[in-house]
Amino acid sequence: TNTVYIGLGSNLNEPAKQLETALRTLAELPNCELIRHSSFYCSKPVGPQDQPDFVNAAAQISTTLSPESLLKQLQLIEQGQGRIKKRHWGERTIDLDILLFNSDLIDLPELSIPHKEIGNRDFVLKPLLELDANLALPDGTSLHSLLQQCPDNRLQLHSS
Ligand SMILES: CC1(C)Nc2nc(N)[nH]c(=O)c2N=C1O
């Protein structure tokens with residue numbers, strides 16, 4: 001089986017509930033087992049500022065699905081939660097990104113893993129490091145070292 005780390009993000013329609021729903025759906029996916037998920041973190045949007053604050057988290061799953069099949073399942077979950085993408089880098093009900101897939105390097109038109117922005121987003125790195133403080137990129141770079149160079153988006157723990 002494959003060990004996969006997924007990033008979750010939302011800033012529309014009760015973001016924390018959107019993440020809860022996505023986690024529940026992930027856990028019920030055939031061929032997927034939700035191993036654990038991080039706390040929920042609030043932060044100002046990176047990119048266009050004229051949108052609500054985000055809630056982010058990370059999840060670790062174990063799956064027999066291929067990267068492409070998993071991507072398809074995540075896209076179906078996003079659609080199921082009314083994922084509307086009004087504008088690039090704009091607000092959304094739910095975003096599910098494959099961040100790491102084992103230690104694989106994957107570069108497909110529709111999918112690149114590790115996620116291209118993984119190194120400069122503390123709202124991705126911090127939840128991942130909460131799950132496993134020793135996580136590293138396929139080339140061995142520790143996520144902890146990336147977080148140290150990462151712009152600080154002043155994440156706040158989301159209190160539900
Ligand atoms: C719009 C953009 C770039 N900014 C974000 N900003 C934050 N804080 N969290 C996100 O998940 C997020 N996702 C994005 O896609």
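Both ligands and their constituent atoms are indexed starting at 1 by order of listing.
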Exercise. Listed by chain and number, what are the side-chain hydrogen bond (donor to acceptor under 3.5 Å, both in side chains) partners of Ser145, not counting sequence neighbours?
Worked result: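 Ser145 satisfies side-chain hydrogen bond (donor to acceptor under 3.5 Å, both in side chains) with Ser142 once adjacent residues are dropped.
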Problem set entry | Asp53: side-chain hydrogen bond (donor to acceptor under 3.5 Å, both in side chains) partners, not counting sequence neighbours | Lys44
Could you list the donor-acceptor pairs under 3.5 angstrom formed between side-chain atoms of residues 1-8 and any protein atom two or more places apart in sequence or on another chain?
unit_1 : atom_1 : unit_2 : atom_2 : d
Asn2   : OD1    : Asn102 : ND2    : 2.9
Asn2   : ND2    : Thr63  : O      : 3.2
Asn2   : ND2    : Leu65  : O      : 3.1

Problem set entry | Min side-chain heavy-atom separation Arg92-Glu78 under 4.5 Å |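 They are not in side-chain contact.
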Problem set entry | Beyond-backbone contact of Gln81 with Gln18, side-chain heavy atoms, under 4.5 angstrom | yes
For this session: Show the protein residues that qualify under the rule heavy atom under 4.0 Å from an atom of ligand 1, listing them in chain and number order.
Result: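 Correct list: Ser43, Lys44, Pro45, Val46, Phe54, Asn56, Trp89, Arg92, Arg121, Phe123.
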Problem set entry | Asp132-Gln60 side chain donor-acceptor pair, cut-off 3.5 Å | no
